[in-house]
Amino acid sequence: MNSKLAPLIALVCLMVPLAAEPVVRIHDGSAWKEIDDAAWQKLPRAEITAKARDGTDKKFSGVPFAEILKLAGAPAGNAIRGPEMNRVVLLTAADGYQVSFSLAELDESFRKQNIILADQVDGKALDEFEGSRMVVSGDDLRHSRWIRQVKQIILTRPIIPAP
């Protein structure tokens, strides 16, 4: 290796961590938006006590999905009716696993308990297996939609096949 390039390469390697990966990416139907850690920290928080995968009650803390969807310009509350009732939120994990919720079921006016994108459990950051962000849906009887390591959120509509 050219000894004159080594300091330049070292400088580039030091700068790469400065370009932090977004907490999550959101597609609003027309463009991607990225939520970085600074924006994440400013969002309202909620707590949910729910049965974890191990069967014990745990307190999860994070951001209600309704707040995240506001960043994507999604309708909320009384505005979710008529044609907005078929909107879908598709979540994708780091390993490609995907789950979906209807927009209505992520809105606080349709449920007794919030669905949150959790970043803490019992006051501590989620572990490596769960990743930095995990969906917690306390009303779900199964954990199949408690998607771990959430990387992207897409607000979309189902594609209806032609008759």
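All values below were derived from every heavy atom in this structure, side-chain atoms included, with hydrogens, water molecules and symmetry-related copies excluded. Because the structure is predicted, anything quoted here is derived from the model rather than measured. Counting from 1, the numbers follow the sequence of the chain as shown.
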**Q** Share the residues that join Trp146 in a hydrophobic cluster, the rule being Ile, Leu, Val, Met, Phe, Trp or Tyr side chains under 4.5 Å apart at the heavy-atom level.
**A** Ile48, Phe60, Ile116, Val121, Leu126, Met134, Val136
**Q** Please say which of Leu106, Asp28, Val24 ends up in a side-chain contact (heavy atoms from CB on, under 4.5 Å) with Ile153.
**A** Val24
**Q** Given salt bridge (charged side-chain N to carboxylate O under 4.0 Å, His left out), test Lys112 with Asp139 step by step and report yes or no.
**A** CA-CA 9 Å; Lys112 289 182 178 177; Asp139 291 339; over 6 Å; no
**Q** Should Arg111 and Ser137 be marked as a side-chain contact (heavy atoms from CB on, under 4.5 Å) after you check the CA-CA gap, both sets of side-chain angles, and the distance that decides it?
**A** CA-CA 11 Å; Arg111 298 178 62 98; Ser137 178; 3.6 Å; yes
**Q** Group every Ile, Leu, Val, Met, Phe, Trp and Tyr by side-chain heavy-atom contacts under 4.5 Å, then state whether Val89 and Met85 land in the same group.
**A** yes
**Q** State which residue, out of Arg45, Arg133, Gln41, fulfils the side-chain hydrogen bond (donor to acceptor under 3.5 Å, both in side chains) condition with Asp119.
**A** Arg45
**Q** Before accepting this row, confirm whether a basic side-chain N of the pair Asp122/Lys59 lies closer than 4.0 Å to the acidic partner's carboxylate O.
**A** no
**Q** Is there a chain of hydrophobic side chains (I, L, V, M, F, W, Y, each step under 4.5 Å between heavy atoms) that links Phe110 to Ile115?
**A** yes
**Q** Which atoms form the tightest heavy-atom contact between Asp140 and Phe101, and what is the distance?
**A** OD2-CE2, 4.4 Å
**Q** Would a distance-only check, ignoring hydrogens and angles, find a side-chain to backbone donor-acceptor pair under 3.5 Å from Lys33 to Leu71?
**A** yes
**Q** Heavy-atom count around Asp127 CG within 6.0 Å, excluding the residue itself: above 12?
**A** yes
**Q** Do Tyr97 and Ser144 have side chains that get closer than 4.5 Å, going by heavy atoms?
**A** yes
**Q** Using a 3.5 Å distance criterion without hydrogens, assess whether the side chain of Glu105 forms a donor-acceptor pair with backbone atoms of Ser102.
**A** yes
**Q** Is there a side-chain contact between Ile35 and Pro22, using heavy atoms and a 4.5 Å cut-off?
**A** no
**Q** Under 3.5 Å, side chain of His27 to main-chain N/O of Ala72, donor-acceptor pair present?
**A** no
**Q** State, to 0.1 Å, how close Gln149 and Gly131 come at their nearest heavy-atom pair, and which atoms those are.
**A** CG-CA, 3.6 Å
**Q** Would you please test Glu21 and Lys151 for salt bridge (charged side-chain N to carboxylate O under 4.0 Å, His left out) and show each step?
**A** CA-CA 10 Å; Glu21 186 173 317; Lys151 294 296 181 192; 3.5 Å; yes
**Q** Which heavy atom of Ala50 sits nearest to which heavy atom of Gly138, and what is that distance?
**A** CB-CA, 4.0 Å
**Q** Going from OG1 on Thr156 to CD1 on Ile154, what distance comes out if it is rounded to the nearest 0.5 angstrom?
**A** 7.5 Å
**Q** Begin from the C-alpha positions of Leu155 and Arg87 and carry the test side-chain contact (heavy atoms from CB on, under 4.5 Å) through to its verdict.
**A** CA-CA 7 Å; Leu155 179 62; Arg87 293 187 80 172; 3.4 Å; yes
**Q** Name the residue from Leu91, Leu103, Asn114 that meets the side-chain contact (heavy atoms from CB on, under 4.5 Å) definition with Phe65.
**A** Leu91
**Q** Specify the closest pair of heavy atoms between Lys58 and Ala52, including all atoms of both residues, with the distance to one decimal.
**A** CD-CB, 3.8 Å
**Q** Report the C-alpha separation of Asp36 and Arg25 in whole Å, then their side-chain angles, then the decisive distance to 0.1 Å, and conclude whether the salt bridge (charged side-chain N to carboxylate O under 4.0 Å, His left out) test is met.
**A** CA-CA 9 Å; Asp36 62 15; Arg25 299 175 68 218; over 6 Å; no
**Q** Asp107 side chain to Gly77 main-chain N or O, any donor-acceptor pair under 3.5 Å?
**A** yes
**Q** Determine the minimum heavy-atom distance between Thr92 and Gln98, stating which atoms define it.
**A** OG1-NE2, 3.0 Å
**Q** Using a 6.0 Å distance limit plus a 45 degree cone around the ring axis, check whether Arg148 lies over the aromatic ring of Phe129.
**A** yes
**Q** Closest approach of Thr56 and Asp54, non-hydrogen atoms and distance?
**A** OG1-OD1, 2.7 Å
**Q** Assess whether side-chain contact (heavy atoms from CB on, under 4.5 Å) is satisfied between Ile26 and Trp32, documenting all intermediate values.
**A** CA-CA 6 Å; Ile26 304 173; Trp32 286 101; 5.7 Å; no
**Q** Do Arg145 and Val135 pass the side-chain contact (heavy atoms from CB on, under 4.5 Å) test, and can you show the C-alpha distance, the side-chain angles, and the key distance before you say yes or no?
**A** CA-CA 7 Å; Arg145 297 194 302 176; Val135 171; 5.7 Å; no
